[in-house]
Amino acid sequence: DTGVSQNPRHKITKRGQNVTFRCDPISEHNRLYWYRQTLGQGPEFLTYFQNEAQLEKSRLLSDRFSAERPKGSFSTLEIQRTEQGDSAMYLCASSSTRFNEQFFGPGTRLTVL
Amino acid sequence: GIQVEQSPPDLILQEGANSTLRCNFSDSVNNLQWFHQNPWGQLINLFYIPSGTKQNGRLSATTVATERYSLLYISSSQTTDSGVYFCAVELVNSGYALNFGKGTSLLVTP
């Protein structure tokens, strides 16, 4: 399978806990994006990386959200001190620099109790 | 900020019917993509179409960038076409983020 992969697919956590999601992009893609999707809405952009550099992070929802891509390959998105309002689908996408067509992974569905 | 408006919000079709979905956007864009989100939440790429017309089987799309709209045509619809269709745009000089509309929810009945 050469598509974007995300783990875990589902995460249930209690309010106040920290969670971390992983995204593995398509292997030849050097841009990686994180989005959040709530029920009935389109995905909302959070942040993106080109190689290991995080080039846009002003749209992360709060300082409880952080993302890393330490070696320019996979990326992690961490949410600290989760709140019920963080319940959503978290989507990862990747693209090449030559053609910015973005391809999405299957998402991680987070439920905060 | 940029407005991406999709219409209609909901659509019910009988199998075999044709439909046109519309996406209007408020600023100049570098990129426009159409996606189909299946019932499991997976976004499936349909078209990468910043301008012009493309066809893929029963689907085709047209983007008129100067008039800031795009159209997605579905012909001879099938029940497997059901789901939500999203238009997403990348603004000129604003990074590579895709800005999504709220989608068109399509139900194709047998």
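All values derive from a computational prediction rather than experimental measurement. All chains are named by letter (A, B, ...) in the order of the sequence lines, taking the proteins before the strands, and each is independently numbered beginning at 1.
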Most chain B-contacting option - heavy-atom pairs closer than 4.5 Å, from A:Pro43, A:Gly105, A:Pro106, A:Gly107: A:Pro43

Worked verdict on A:Asn18 versus A:Thr82 for side-chain contact (heavy atoms from CB on, under 4.5 Å): CA-CA 6 Å; A:Asn18 299 343; A:Thr82 52; over 6 Å; no

Side-chain heavy atoms of B:Leu106 within contact of B:Ile74, under 4.5 Å: yes

Separation between CZ of B:Phe47 and CG of B:Leu72, rounded to the nearest 0.5 Å: 6.5 Å

Atom group of A:Leu91 that falls short of 4.5 Å from chain B, counting heavy atoms: side chain

Distance in Å, A:Leu77 CG paired with A:Thr20 OG1, rounded so as to fall on 0.5 Å steps: 8.0 Å

Distance flag, aromatic centroids of B:Phe100 and A:Phe45, threshold under 6.0 Å: no

Between CG on residue A:Asp86 and CD1 on residue A:Ile79, distance to nearest 0.5 Å: 5.0 Å

Between chain B and chain A, which donor-acceptor atom pairs come closer than 3.5 Å, counting both backbone and side-chain atoms?
from, atom 1, to, atom 2, distance (Å)
A:Arg31, NH2, B:Tyr96, OH, 3.2
A:Tyr35, OH, B:Leu98, N, 3.0
A:Gln37, OE1, B:Gln37, NE2, 2.9
A:Gln37, NE2, B:Gln37, OE1, 3.0
A:Arg59, NH2, B:Asn99, OD1, 3.3
A:Asn100, O, B:Asn31, ND2, 3.3
A:Asn100, ND2, B:Glu90, OE1, 2.7
A:Glu101, OE2, B:Asn45, ND2, 3.1
A:Gln102, N, B:Gln33, OE1, 2.9
A:Gln102, O, B:Gln33, NE2, 3.2
A:Gln102, O, B:Asn45, ND2, 2.9
A:Gln102, NE2, B:Tyr96, O, 2.8
A:Phe104, O, B:Gln42, NE2, 3.0

Pairing residues for A:Glu83 by the salt bridge (Lys or Arg N to Asp or Glu O under 4.0 Å) criterion, not counting sequence neighbours: A:Arg64

